[in-house]
Undergrad: 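Below is the structure I would like to discuss, written out as structure tokens.
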Amino acid sequence: QVQLVESGGGLVQAGGSLRLSCAASGRTFNIYTMGWFRQAPGKEREFVAAVTWTAGRRYYADSVKGRFTISRDNAKNTMYLQMNSLKPEDTAAYYCAADYSPRTAAAHAIGNEYAYWGQGTQVTVSS
């Protein structure tokens with residue numbers, strides 16, 4: 001199993017930046033894909049970005065392309081989400097997720113494909 005812990009959330013003004021981290025522990029060597037999802041109050045959870053752990057292939061939601069960058073540090077078992085040019089509509093709880101299945105590479109945007117989730121970190125962007 002994998003345990004995931006997010007950090008780095010906070011309050012920022014529109015146009016500002018934040019970097020989220022997701023530290024993985026446990027059986028990390030079998031992770032195939034890790035991803036970021038977010039959920040705003042009253043809205044469904046949505047895909048933000050994902051990265052395959054070994055190959056480093058990256059995927060982004062259209063709403064964050066060009067503003068957010070996903071990366072990972074395999075040695076530290078940590079995934080990052082650099083968020084620039086933040087907008088009020090980026091306000092949400094951000095969750096990291098991981099799974100061992102290669103299926104998650106193609107299904108990276110589907111939350112139900114990930115077996116392991118962190119507790120979330122809140123990002124609030126003020127206008």
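Reckoned from all heavy atoms, side chains included, excluding hydrogens, waters and symmetry mates.
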Undergrad: Supply the members, apart from Tyr80, of the Ile/Leu/Val/Met/Phe/Trp/Tyr cluster built from side-chain contacts under 4.5 Å; use none for a lone residue.
TA: none
Undergrad: Can you list the residues that meet the side-chain hydrogen bond (donor to acceptor under 3.5 Å, both in side chains) rule with Lys65, with sequence neighbours excluded?
TA: Asp62
Undergrad: Checking Arg67 now: which residues fulfil salt bridge (Lys or Arg N to Asp or Glu O under 4.0 Å) with it, not counting sequence neighbours?
TA: Asp90
Undergrad: Give me the atom names and distance for the closest heavy-atom approach of Ala50 to Thr33.
TA: CB-CG2, 4.2 Å
Undergrad: Show the numbers, then the answer: is there a side chain to side chain contact (heavy atoms under 4.5 Å, CB included) between Arg19 and Gln82?
TA: CA-CA 4 Å; Arg19 188 176 82 153; Gln82 178 66 44; 3.5 Å; yes
Undergrad: Checking one residue: Tyr116. Which other hydrophobic residues are in its cluster under the side-chain 4.5 Å linking rule?
TA: Val2, Leu4, Val12, Leu18, Leu20, Ile31, Met34, Trp36, Val48, Val51, Trp53, Tyr60, Val64, Phe68, Ile70, Met79, Leu81, Met83, Leu86, Tyr94, Tyr100, Val123, Val125
Undergrad: Distance from Phe29 atom CZ to Thr54 atom OG1, nearest 0.5 Å?
TA: 12.0 Å
Undergrad: For a quick test of reading the model, state the closest non-hydrogen atom pair linking Ala107 to Tyr114 and the distance between them.
TA: O-CE1, 4.4 Å
Undergrad: Rounded to the nearest 0.5 Å, how far apart are OH of Tyr32 and CG of Asp99?
TA: 11.5 Å
Undergrad: If a pair satisfies salt bridge (Lys or Arg N to Asp or Glu O under 4.0 Å) and one of its residues is in residues 116-127, list it, with sequence neighbours excluded.
TA: none
Undergrad: Is there a donor-acceptor contact under 3.5 Å from the side chain of Thr104 to the main chain of His108?
TA: no
Undergrad: Considering non-hydrogen atoms only, spot the tightest contact between Gly9 and Thr121 and give its length.
TA: N-OG1, 3.1 Å
Undergrad: For residues 40-47, which side-chain donor-acceptor pairs fall under 3.5 Å, sequence neighbours excluded?
TA:
from, atom 1, to, atom 2, distance (Å)
Arg45, NH2, Asn112, OD1, 3.4
Glu46, OE2, Arg38, NE, 2.5
Glu46, OE2, Arg38, NH2, 3.0

Undergrad: Taking salt bridge (Lys or Arg N to Asp or Glu O under 4.0 Å) as the test, write out the residues that go with Lys87, two or more places apart.
TA: none
Undergrad: Filter on disulfide bond (SG atoms under 2.5 Å apart), then keep only pairs touching residues 55-127, sequence neighbours left out; what's left?
TA: Cys22-Cys96
Undergrad: For Ser17, what residues pass the side-chain hydrogen bond (donor to acceptor under 3.5 Å, both in side chains) criterion, not counting sequence neighbours?
TA: Asn84
Undergrad: Check for a donor-acceptor pair, side chain of Ser127 on one end and backbone N or O of Pro88 on the other, with a separation under 3.5 Å.
TA: no
Undergrad: Going by disulfide bond (SG atoms under 2.5 Å apart), name the pairs with one or both residues in residues 34-71, residues two or more places apart or in two chains.
TA: none
Undergrad: Which disulfide bond (SG atoms under 2.5 Å apart) pairs, counting each pair once, include a residue from residues 29-95, with sequence neighbours left out?
TA: none
Undergrad: Taking all non-hydrogen atoms of both residues into account, name the closest pair between Thr78 and Lys76 and its distance.
TA: OG1-O, 2.9 Å
Undergrad: Is there a donor-acceptor pair under 3.5 Å between the side chain of Gln119 and the backbone N or O of Val5?
TA: no
Undergrad: Does Glu113 have any salt bridge (Lys or Arg N to Asp or Glu O under 4.0 Å) partners at least two apart in sequence or in another chain, and if so, which?
TA: Arg103
Undergrad: Roughly how far apart are Thr28 OG1 and Gln3 CD, rounded to 0.5 Å?
TA: 10.0 Å
Undergrad: Which heavy atom of Arg72 sits nearest to which heavy atom of Ala55, and what is that distance?
TA: NH2-C, 3.9 Å
